[in-house]
Amino acid sequence: MVKPSLKVMIGGLELKNPVMVASGTFGSGEEYKGLVDLDKLGAIVTKSVTLKAREGNPPPRMVETPSGMLNSIGIQNDGVDAFIKDKMPFLSKLRTAVVVSIAGHCIEDYARLAAKLDKVKRADAIEINISCPNVKGGLEFSREPGSAADVVRAVRKATRKPVITKLSPNVKDISEIALAAQEAGTDAVSLVNTFTGMAIDIDSRTPVLGNIVGGLSGPAIKPIALRMVWETARRVKVPVIGMGGIMDCSDALEFIIAGAAAVQIGTANFVDPSTAAGIIGGMEKYMRGRKINDIKELTGCLKT
Amino acid sequence: MVKPSLKVMIGGLELKNPVMVASGTFGSGEEYKGLVDLDKLGAIVTKSVTLKAREGNPPPRMVETPSGMLNSIGIQNDGVDAFIKDKMPFLSKLRTAVVVSIAGHCIEDYARLAAKLDKVKRADAIEINISCPNVKGGLEFSREPGSAADVVRAVRKATRKPVITKLSPNVKDISEIALAAQEAGTDAVSLVNTFTGMAIDIDSRTPVLGNIVGGLSGPAIKPIALRMVWETARRVKVPVIGMGGIMDCSDALEFIIAGAAAVQIGTANFVDPSTAAGIIGGMEKYMRGRKINDIKELTGCLKT
Amino acid sequence: MKQAKGKVLSNREVKPGYFLMSVKCPPIAKAAKPGQFMTIRCGNSTEPLLRRPFGFHRVEGGSFRILYEVLGKGTKKLSSAKAGEILDILGPMGKGFTVPEGKKDIVIIAGGIGVAPLAFLAEELLKDKKKDVSVIIGAKDGKSLLCREHFEGLGIKTLVATDDGSCGKKCFATDLLGRSIAGKKPSGTVVYACGPSPMLKAAANAAKKLKVEAYGSFEEYIACGVGACLGCAIKTKSGYKLICKDGPVFKLEEMIW
Amino acid sequence: MKQAKGKVLSNREVKPGYFLMSVKCPPIAKAAKPGQFMTIRCGNSTEPLLRRPFGFHRVEGGSFRILYEVLGKGTKKLSSAKAGEILDILGPMGKGFTVPEGKKDIVIIAGGIGVAPLAFLAEELLKDKKKDVSVIIGAKDGKSLLCREHFEGLGIKTLVATDDGSCGKKCFATDLLGRSIAGKKPSGTVVYACGPSPMLKAAANAAKKLKVEAYGSFEEYIACGVGACLGCAIKTKSGYKLICKDGPVFKLEEMIW
Ligand SMILES: Cc1cc2nc3c(=O)[nH]c(=O)nc-3n(C[C@H](O)[C@H](O)[C@H](O)COP(=O)(O)OP(=O)(O)OC[C@H]3O[C@@H](n4cnc5c(N)ncnc54)[C@H](O)[C@@H]3O)c2cc1C
Ligand SMILES: Cc1cc2nc3c(=O)[nH]c(=O)nc-3n(C[C@H](O)[C@H](O)[C@H](O)COP(=O)(O)OP(=O)(O)OC[C@H]3O[C@@H](n4cnc5c(N)ncnc54)[C@H](O)[C@@H]3O)c2cc1C
Ligand SMILES: Cc1cc2nc3c(=O)[nH]c(=O)nc-3n(C[C@H](O)[C@H](O)[C@H](O)COP(=O)(O)O)c2cc1C
Ligand SMILES: Cc1cc2nc3c(=O)[nH]c(=O)nc-3n(C[C@H](O)[C@H](O)[C@H](O)COP(=O)(O)O)c2cc1C
Ligand code: FES
Ligand code: FES
């Protein structure tokens, strides 16, 4: 039997397989050098960068919850210029797609970030993290179709690179935001970012996280994330990249069958850095066992 | 030391302690007779009833997920008249508050349900389950402040009994819906109902649940539910009843410290029917250990 | 029904992937009837979250045994329980098997782990000397065939069917029903079956053709086990029924497949 | 740093609530330096989800030992691991203890389970015959005092402090620092501390007063352990630092409490 094809297209970007590692969970790739064969990955999405350096939120920044974890890192990063100077040289040598995640506090920020990265050869695509509070207004850009579309339009104007818009699940109807992003010109949508949650220490009666609230990720959220991917994939034409609690190949296939063209692995990288590699192998095995030659046949094949 | 007081008021309804069992997870109480000392509970919220009998959704109706479960029961019930005739006699003999949960498909339904229950002596309060699709329009009443308020207003007009409005977490800002319910005259809000989720069988490539999607409950959702209770309690004046993944006393206290006046126990009843009793005992112990005489001192005492 | 602590007396692998656990738990053991079940909390974390249902395999005084297949996280956890460990048990639940008036000849059909509750049923039926009990056991292969010696030790005529023919006949257990009831009066015969859903369906068809009354024990995910959550519904000709309250045993001709 | 399978050689309770586990895992054991740590996946379900961090307590050839306190679900699961079991281990991580130039006198202060990584440190330091190593161990009470015999067996002068005075002095370990360095030159002395956060703070204050250089090993929740998630940040005078990459050992005077 021929080797099944795992290739997928995300906008103009070809991935050798649909298994990407998610922003914020894989640093800039270099941290996992030696532990993970980086060239085997479908893509690396780097930790979100902002225009200026950010020191991040006060600790504690993480706490484990039942089958999940809360984090409130606060997009700690050295700023986009330092990123391009310090991190891109390593990333540029990889034989895997490099997706750079950007985050801002106003539309201008996003536009300038995209313009800077547009000139960076091996920034193969840009993922827009719109789950950031808008300094003008307070609410996250991701919460309303209008503000989400504004960000996408600004980025779209600033770059010709494939643009992926990453959606927040803290909304009434995520597929509406996805549609707005599609109309504003995104090449793909990725979902979900983390759910806002909290934990309280009953002895001190204080929040466990220094930032009070944090983002919930991990297997706990998988059923909700999967439903959101299914709802979104039925409504949009652009490729959907699914994530949220994927721990193994079976989880990844659920997202693909629900309609995802590709998946991202987040929290599972912490649990076992070999997760992504295991999923890629598992997908091939699943396809061989069922005589499926092309992973694209699986996307959205859910029988309802 | 004096025995700490666990009494709380929900609208005009006094509960001997703040630990209620949640709608849909405790039938009409009788199912747990002999297993649980029902008179010890703060209140029993009965399975949602509708005007007419409903046969419920096709099986499978449940599946376990990481630290949670999905259900798609579909509000199977024999209709409100049968409920009053068959279930209320047993409930009426209990020395615990009986909260009857109602669900409808149009505003009219809710008003008529409330009017019928208004005449039932031991229906001590009414909980409005607004997480049902509106036949006119499709979207759940709980998803928009306007439609939620419409339901509350109709129920408020139809009864003088304490009214609790139960909110869905599948919204952008749950505290906004709570505010709308408060303005429409609810005596309290309870949150959260389940998160819509799904699971897929990768062998058959079909949804695991007969209804495709179901509601996620259990410890997996606790961090999100807790955050929503905290956000809501800071904005509304009416008492907030917190729930979502409470498994033990420590979980229950987190909700109370976050701002809940009372809590409801749902999925945990399945895991261990003695959960509610254990929580009541645990609360007393916690209060004694810290010389807190009244549980009301704990509500919303989170230091941020 | 009671919630009680049970003490593990022993727990060992009897066939690859199949465990037999003996538990001392008088309040529940003493009340158990064949076909009823219990739920056990497997571990005390949130994974697995829900209790797991098991049939009573054998009951002696204040103890019972469960025979179980290690399938997923719950049964895996259970398989590591050591003698002396305390389990949280809820039961007995459900209605169990009832023997209709005037039935003398009884045929028990077991598929795979479905044999578990049928051993208890057979033992109870044998107490009535007027009854004639025979058994058909089906399994994937000889290695995973369960309880044959047990039934034979009780003096019960036992037929065996395996998928690969490595033991007994190479066919499905239900294919042997005709042979098993040959010479018996259909109206005086009743069939009890437990096994995977396709086997129950085949049993229903075979029983219908042979005109014998037949009952089967069904499975669905169980949450509350007490009829409160309505999660374990199964479709029958008279609407949805609850596995945990109305079942797990149903008349096969009542079911919608 | 490597991800490797380790084989449990032994795992037993050495004091109530404290376990000592010996693991064979050459790729990680051979690379380990005192003060570094590893993360272990405790079980393979989603509860607990994240790996748990442990220091190297002793290292011999291709094996290491961890000394751990059973606190919650991860350590509880670990405590049930039997000899022969295979663990998924990632390490060694972090920077560990460094001995500054010109320091001859070394005082090790351990609080509770904080003693775990200090035993390895002491053994390594003793290899340099010119160094003078002394130890102060603090514990809740005599029953939970760890490693005293081990340090004394190495010929190290060991002072003991317990909260209840049931063993050694009734005081905090850090209260004995003055006594321990009496007669030593502050500029030639270095202190290494590991224990609960209040103890590290007390050590920082004591060392400052006595004008000796001091290092401590810190804790935070660990997710990735490789510097990728930025979750293990801790506040220092030069901004946030990562426990897993920049630490877990930091100069005490650098910390913001
Ligand atoms: C009334 C009743 C009596 C039972 N008696 C016995 C018995 O005596 N011995 C025995 O070995 N088993 C018995 N079972 C089945 C047993 O409960 C399941 O095998 C067990 O719950 C699996 O748990 P797990 O955590 O190991 O597997 P999981 O990780 O939960 O699942 C493993 C696989 O089994 C499937 N599965 C799990 N539970 C069920 C279920 N309730 N119905 C259908 N499919 C399921 C899942 O879909 C999955 O494919 C009984 C079930 C019922 C409803
Ligand atoms: C670098 C490093 C080295 C360590 N070395 C050792 C060692 O050698 N021996 C040893 O026994 N322990 C060591 N620890 C601590 C150990 O990792 C925790 O005790 C363990 O993770 C607890 O896991 P659990 O699942 O049993 O407890 P949990 O259920 O996770 O928690 C139990 C309690 O411990 C607290 N807690 C858990 N983990 C941490 C943490 N990382 N930081 C602060 N508080 C925490 C929780 O808040 C909770 O109150 C080390 C920690 C770090 C960061
Ligand atoms: C520690 C941590 C940091 C994260 N940082 C970012 C980030 O900088 N930008 C972003 O878009 N998403 C970030 N995420 C979200 C993940 O990329 C992913 O959307 C989310 O965790 C859900 O997937 P998972 O359940 O597989 O982890 C972060 C998640 C975690 C756990
Ligand atoms: C099986 C099941 C059935 C439920 N049925 C109802 C219902 O009829 N009406 C309602 O308002 N909520 C219903 N719920 C939601 C619960 O009352 C509760 O809001 C939710 O499960 C979250 O709490 P938990 O995590 O403690 O279970 C149901 C939940 C479950 C698990
Ligand atoms: S399992 Fe709850 S009704 Fe049957
Ligand atoms: S644990 Fe991830 S950066 Fe330290």
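Order of the sequence lines sets the chain letters (A, B, ...), proteins ahead of strands, with each chain counted from 1. This is a predicted model, so every value here is computed, not measured.
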Given a strict heavy-atom distance threshold of 4.5 Å, which part of [X] is in contact with chain B: side chain, backbone, both, or neither?
X       : answer
L216(A) : side chain
T65(A)  : side chain
E231(A) : neither

Report the distance from atom [atom1] of [X] to atom [atom2] of [Y], rounding to the nearest 0.5 Å.
X       : Y       : atom1 : atom2 : result
I292(B) : E297(B) : CD1   : CD    : 6.5 Å
T232(A) : L179(A) : OG1   : CG    : 8.5 Å
L6(B)   : I280(B) : CG    : CD1   : 8.0 Å
I279(A) : D248(A) : CD1   : CG    : 6.5 Å
M283(B) : M287(B) : CE    : CE    : 9.0 Å
I177(B) : F141(B) : CD1   : CZ    : 13.5 Å

Tell me, do R290(A) and D203(B) make a side-chain contact under 4.5 Å, heavy atoms counted? yes

Discussion item. When you compare the side chain of P18(A) with that of I295(A), does any pair of heavy atoms fall below 4.5 Å?
Written reply: yes

Practice task
Please report the C-alpha distance between I130(A) and K166(A) in whole Å, then the side-chain angles of each, then the deciding distance to 0.1 Å, and finally whether the side-chain contact (heavy atoms from CB on, under 4.5 Å) criterion is met.
Solution key: CA-CA 6 Å; I130(A) 53 172; K166(A) 181 162 177 181; 5.9 Å; no

Heaviest contributor of heavy-atom pairs below 4.5 Å to chain A, chosen from I221(B), L226(B), I200(B), N170(B), is I200(B)

With chain A, the option among P219(B), G245(B), A225(B) that has the most non-hydrogen atom pairs under 4.5 Å is P219(B)

Whatever's closer than 4.5 Å to a heavy atom in chain A on L70(B) counts as side chain

### Atom group of S204(B) that falls short of 4.5 Å from chain A, counting heavy atoms
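Only the backbone of S204(B) comes within 4.5 Å of chain A.
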
> Quick one: which residues of residues 206-215 of chain A reach chain B at under 4.5 angstrom, heavy atoms only?
Replying inline: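 Heavy-atom contacts from residues 206-215 of chain A to chain B are T206(A), P207(A), I212(A), V213(A).
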
Fill in: side-chain contact (heavy atoms from CB on, under 4.5 Å) assessment of V151(A) paired with I107(A)
CA-CA 6 Å; V151(A) 176; I107(A) 306 283; 3.8 Å; yes

Report the option among [options] that has the most heavy-atom pairs separated by less than 4.5 Å from atoms of chain B.
options                            : value
I224(A), T304(A), T196(A), L253(A) : T196(A)
M198(A), M247(A), K222(A)          : M198(A)
M228(A), R227(A), K303(A), R143(A) : R227(A)

Looking only at heavy atoms, what is the nearest atom pair of A184(A) and A149(A), with distance?
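So the minimum-distance heavy-atom pair works out to CB-O, 3.5 Å.
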
Within residues 255-263 of chain B, contacts to chain A at heavy-atom distances under 4.5 Å involve I257(B), A258(B)

Evaluation steps, side-chain hydrogen bond (donor to acceptor under 3.5 Å, both in side chains), between N57(A) and S72(A): CA-CA 7 Å; N57(A) 286 326; S72(A) 61; 4.5 Å; no

Discussion item. Assess the residue pair I75(B) and H105(B) against the criterion (side-chain contact (heavy atoms from CB on, under 4.5 Å)); give the C-alpha distance rounded to whole Å, side-chain angles, the decisive distance to 0.1 Å, and a yes or no.
Written reply: CA-CA 12 Å; I75(B) 318 210; H105(B) 287 295; over 6 Å; no

Worksheet item: Could you go step by step and tell me if L167(A) and V192(A) meet the side-chain contact (heavy atoms from CB on, under 4.5 Å) rule?
Response: CA-CA 6 Å; L167(A) 308 176; V192(A) 298; over 6 Å; no

